[in-house]
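It should be emphasised that the depicted structure is a prediction, and the values quoted were computed from it without experimental measurement. Per chain, numbering begins at 1; letters A, B, ... match sequence-line order.
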Number of protein chains: 2
Amino acid sequence: MNDCGRCAVRESAICHSLNESELDALNALGRHQTLKRGQTMVWQGDESLLVGNVIEGVLKLSVSGADGREQTLGIMFPSDFIGRPFGPKTDHSVVALTDAQVCTFRRSAFDEFARGHPELEHSLLQRTLTELDRTRQWMLLLGRKAATARVATFLLEMSSRYATNCNDGASTAPISFDLPLSRQDIADLLGLTIETVSRQITHLREDGIIETPNRRTIVVLDSGRLQARASEV
Amino acid sequence: MNDCGRCAVRESAICHSLNESELDALNALGRHQTLKRGQTMVWQGDESLLVGNVIEGVLKLSVSGADGREQTLGIMFPSDFIGRPFGPKTDHSVVALTDAQVCTFRRSAFDEFARGHPELEHSLLQRTLTELDRTRQWMLLLGRKAATARVATFLLEMSSRYATNCNDGASTAPISFDLPLSRQDIADLLGLTIETVSRQITHLREDGIIETPNRRTIVVLDSGRLQARASEV
DNA sequence: CGTTCAATTGATACGGATCAATGCAAGTGG
DNA sequence: CCACTTGCATTGATCCGTATCAATTGAACG
């Protein structure tokens, strides 16, 4: 008996492609893990031992260069898949940005199971292809966009994931959400410094595009103009 | 009867996971296509209609932002897989950097075939995971590295793919190769301008780390120091 | 020998990094 | 309840690296 039926991401994680009995078998291999904010789940350069699904919370993938400057490679949300199956090494760290819950498997066990379940591999392939698309789009941002556009793009991306006030895009009602990232996290993600991020947010506030009631909350007042900023150079 | 048996990438492309009869079936769906240097195979924003394998030559994936500034997302070599299976859109262009030969399939036909051949999907998954790893490493370069390090990293990457004089790393013999990319291509890949790339190459030459007998040829004289430059900030 | 186009070199401007100080909110202990 | 600490965010002043603008060189080709 497994409790995947009650799992928050049952329908959206890669497991959705498994039936009840297959789910039982996979579940037997995995275990739930709770992570506290700031806790590192996988270290850069580790042997790839763990893979899993995000159930709750937000995590980041990051690498750091020789001098300690860090670059965040992606933000992972519930139902996202984490880790590097079918390969010996993980070349980035996985760190919890909020308290989080993940459903983990030993990589070897997961690999073996996946090889026997093509539907699961197909789901994983789909997800990996999408992640590759997303990552490639981020390269345009890092390679070519100015600081304003980077911050605007980031806020739009977060608002689309988080909006409590879900509009159809055409609406002009303000959208508000809480960032799970600190200013440093945002800087690491956008390839900027903390000061530059702060200044850009200030500009957006001064221009009446957003409001910042507190450090973590963002209210998007004019998503049209925010989009315009996002596509500037 | 197919001629995949004589294909240059028979053992390294994703098709390696198919047996003779499966290969016949896949081959029946595909066709060879010859591309001239500079020719665009897929346009950014196109409906995703084509996928395929690179047989010969070098191609680039690229996106361009609103203002026309271009960012190259990756360089594809023989045996690499091109295109976006299992998805409706391609959000980047594919352009031949040299004369090239590719083996293409209509996406719908390929998708259907792949769904029936788990081994093929597994190969594709492996390849996609590796490409994602590579792309993520490139993000560190674009987000955090200075111009010198970017150019040095690029030259090292190319030398590892191209070296005619294959050493075991420890050797000090010069390694020489021809770049398939123009200075503009390199700039687009590294998120720099053509002038900055040129200056960095000049510096490396003045420092005795490389030689440039002509515009396209690079001779690496001191790969140790080149590596040091690559990991600087 | 002139034309053409890519690459190089030079001079200057500007955006973001860096260094430094201040502000602000949450916790801690007296 | 209020001083004090602590950690993050903001703001300011300055510097540096790369972009930008502009001119020159050099190789390929007719």
Go along nucleotides 6-18 of chain C 5' to 3' and tag each nucleotide: B for a protein heavy atom under 4.0 Å from its base, S when only backbone or sugar atoms are that close, - otherwise.
-> BSBBBB----SSB

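Taking the charged nitrogens against the carboxylate oxygens, A:Glu157 and A:Arg161 do have a contact shorter than 4.0 Å, which makes a salt bridge.
With 3.5 Å as the limit, one finds no donor-acceptor pair spanning the side chains of A:Arg84 and A:Thr90. Remark: the A:Gln184 side chain and the A:Asp188 side chain contain an N/O donor-acceptor pair separated by less than 3.5 Å.
By the side-chain contact (heavy atoms from CB on, under 4.5 Å) test, A:Asp178 is found to be paired with A:Thr217, residues two or more places apart in sequence or in another chain being considered.
At distances below 3.5 Å, at least one donor-acceptor pair connects side-chain atoms of A:Ser182 with backbone N or O atoms of A:Asp185.
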